[in-house]
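Being a predicted model, the structure only gives us computed values, none of them experimental. All chains are named by letter (A, B, ...) in the order of the sequence lines, taking the proteins before the strands, and each is independently numbered beginning at 1. What you see below is based on every heavy atom in this structure, not just the backbone, and it leaves out hydrogens, waters and symmetry mates.
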Protein chains: 2
Amino acid sequence: MTDKAGNGGAATGGVTIGDAAKASGVNAKLIRYYESIGLIPEAGRTASGYRLYSPAEVHVLRFVRRARGLGFSIEQIQTLVGLWRDRDRSSAEVKRVAQAHMDELEAKIAELTAMRDSLRRLAEACHGDDRPDCPILHDLAG
Amino acid sequence: MTDKAGNGGAATGGVTIGDAAKASGVNAKLIRYYESIGLIPEAGRTASGYRLYSPAEVHVLRFVRRARGLGFSIEQIQTLVGLWRDRDRSSAEVKRVAQAHMDELEAKIAELTAMRDSLRRLAEACHGDDRPDCPILHDLAG
DNA sequence: CATCGTGCTTCCAGCGATTGGAAGGTCAAG
DNA sequence: CTTGACCTTCCAATCGCTGGAAGCACGATG
């Protein structure tokens, strides 16, 4: 029940991908995927080929997970991680990326809301009983 | 400028895919795709292999386009087209499909709205100037 | 020492709903 | 006969994952 490698988080120079996954909330499969597309740099390896993650790398993974949670695209996250690493960044640059994403969110919300409203109007007019008459189909049929 | 086939909409037993596209608002590529996945039945063909669409088939395409416009999935549209064709359908069944989709829309809207609100709060707290301090990155970094 | 179970590795494929392109056949008009 | 607009099929890419298969690595147990 204890660590199979005996180093669940310290001293050896990094944790395995499974532990990095647990610590960051990004599953192992996804971590490899993020590496493969270049979102995160290639991890170091043990002699036998296992990936190793330092606390700093786990931190990046957590960052990525949070950014995905806010709906940022991989491309935007790449930019954000870059800005995060850059101590001389301007907050204006970060804000620009965030604003761009907010605009996308706003557009998507508007689109979905319009769909929902149209649909709601149609559904409200539909009896929803055994009779075949249905304003929903009537509308779709044009 | 007139019809290349001389039958832009009548008498010959159907229009070509390009004309069906213009008439339905679904582009030709997409019509073929819809056929390939079984959303619409295989179209008839001319001797030389061109697809032909009757007014009724064009009508189905228009139906599909409107349903996609409301955000219904292909699978849901398949059900709706089936119900549309069935004169003995119950409006309750149609309403169920619509309601299911409205629930999905509602969930997505809630998700995106939560993202937008979080992001807005962070962005409002960000100066957006030359200084590197940024609550957005601060939050993402945890 | 052999074996077991778990975790790691790579690679390949699929999801949903399109869109794009390449390579080639068909048709009517000039 | 050539031109050009249409049609055909097939294959690949998009976005962000997720799943599976086949095979090595590792530690604990019998």
- [ ] Give the rounded distance in Å between these two atoms: CD1 of B:Ile37 and P of C:dG14.
- [x] 16 Å
- [ ] Enumerate the residues from residues 95-113 of chain B whose closest heavy atom to DNA chain C is under 4.0 Å, giving them by residue number; use none for an empty result.
- [x] none
Open item on the list: Across nucleotides 15-23 of chain D, 5' to 3', mark each nucleotide with B, S or - according to how protein heavy atoms within less than 4.0 Å reach it.
Closed with: -BBSBB---
TODO: Hey, could you give me each pair passing salt bridge (Lys or Arg N to Asp or Glu O under 4.0 Å) that has a residue in residues 80-98 of chain A? Not counting sequence neighbours.
DONE: none
Open item on the list: Can you measure A:Leu52 atom CG to D:dC26 atom P for me and round it to whole angstrom units?
Closed with: 11 Å
TODO: Specify the separation, in whole Å, of atom CD of A:Glu35 and atom P of C:dT9.
DONE: 9 Å
Result block: side-chain N/O donor-acceptor pairs under 3.5 angstrom for residues 39-55 of chain A, not counting sequence neighbours:
from: A:Arg45; atom 1: NH1; to: A:Gly49; atom 2: O; distance (Å): 2.8
from: A:Thr46; atom 1: OG1; to: A:Ser48; atom 2: N; distance (Å): 3.3
from: A:Thr46; atom 1: OG1; to: A:Ser48; atom 2: OG; distance (Å): 3.1
from: A:Thr46; atom 1: OG1; to: A:Gly49; atom 2: N; distance (Å): 3.3
from: A:Thr46; atom 1: OG1; to: A:Tyr50; atom 2: N; distance (Å): 3.0
from: A:Arg51; atom 1: NE; to: A:Glu35; atom 2: OE1; distance (Å): 3.0
from: A:Ser54; atom 1: OG; to: A:Ala56; atom 2: N; distance (Å): 3.4
from: A:Ser54; atom 1: OG; to: A:Glu57; atom 2: N; distance (Å): 3.2
from: A:Ser54; atom 1: OG; to: A:Glu57; atom 2: OE1; distance (Å): 3.3

TODO: Scan for ring-ring contact (aromatic ring centres under 6.0 Å, His included) pairs involving residues 109-135 of chain A, sequence neighbours excluded, and state none if there are none.
DONE: none
Open item on the list: So A:Arg51, base contact, sugar-phosphate only, or nothing? Heavy-atom distance under 4.0 Å.
Closed with: sugar-phosphate
- [ ] Indicate the atoms forming the closest heavy-atom contact of A:Ala98 with B:Leu119, along with that distance.
- [x] O-CD2, 4.0 Å
Task: Earlier contact from the 5' end, DNA chain D, for B:Tyr53 and A:Ala47 - done: B:Tyr53
Open item on the list: As a test of reading the structure: which of D:dA25, C:dG25, C:dC27 is closest to the side chain of A:Ser48, going by heavy atoms?
Closed with: D:dA25
Task: Global bending angle along the helix from C:dC1-D:dG30 to C:dG30-D:dC1, which compares the axes of five pairs at either end, to 10 degrees - done: 40°
TODO: With sequence neighbours excluded, tell me which residues meet salt bridge (Lys or Arg N to Asp or Glu O under 4.0 Å) with A:Lys108.
DONE: A:Glu111
- [ ] Locate the shortest heavy-atom distance separating B:Met102 from A:Ala123; write the atom from each residue and the value.
- [x] SD-CB, 4.3 Å
- [ ] Quick one: label A:Ile17 by what it contacts on the DNA or RNA (base, sugar-phosphate, nothing), any heavy atom closer than 4.0 Å.
- [x] sugar-phosphate
Open item on the list: List the residues meeting salt bridge (Lys or Arg N to Asp or Glu O under 4.0 Å) with B:Asp117, not counting sequence neighbours, and say none if there are none.
Closed with: B:Arg120
Cut-off 3.5 Å, no hydrogens considered: what does the side-chain donor-acceptor table look like for residues 128-137 of chain B, sequence neighbours left out?
from: B:Asp129; atom 1: OD1; to: A:Ser91; atom 2: OG; distance (Å): 3.3
from: B:Asp129; atom 1: OD1; to: B:Arg131; atom 2: N; distance (Å): 2.9
from: B:Asp129; atom 1: OD2; to: B:Arg131; atom 2: NE; distance (Å): 2.9
from: B:Asp129; atom 1: OD2; to: B:Arg131; atom 2: NH2; distance (Å): 2.5

Open item on the list: For A:His59, give me all partners under ring-ring contact (aromatic ring centres under 6.0 Å, His included), at least two apart in sequence or on another chain.
Closed with: A:Trp84
- [ ] Return each pair, listed once, that meets side chain to side chain donor-acceptor pair (under 3.5 Å) where at least one residue sits in residues 60-81 of chain B; pairs must be two or more places apart or across chains.
- [x] B:Ser73-B:Gln76, B:Gln76-B:Glu104
TODO: Respond yes when some side-chain nitrogen or oxygen of B:Arg45 is under 4.0 Å from OP1 or OP2 of D:dT9, and no when none is.
DONE: yes
Open item on the list: Can you list everything that forms a salt bridge (Lys or Arg N to Asp or Glu O under 4.0 Å) with A:Arg116? Sequence neighbours excluded, please.
Closed with: B:Glu106
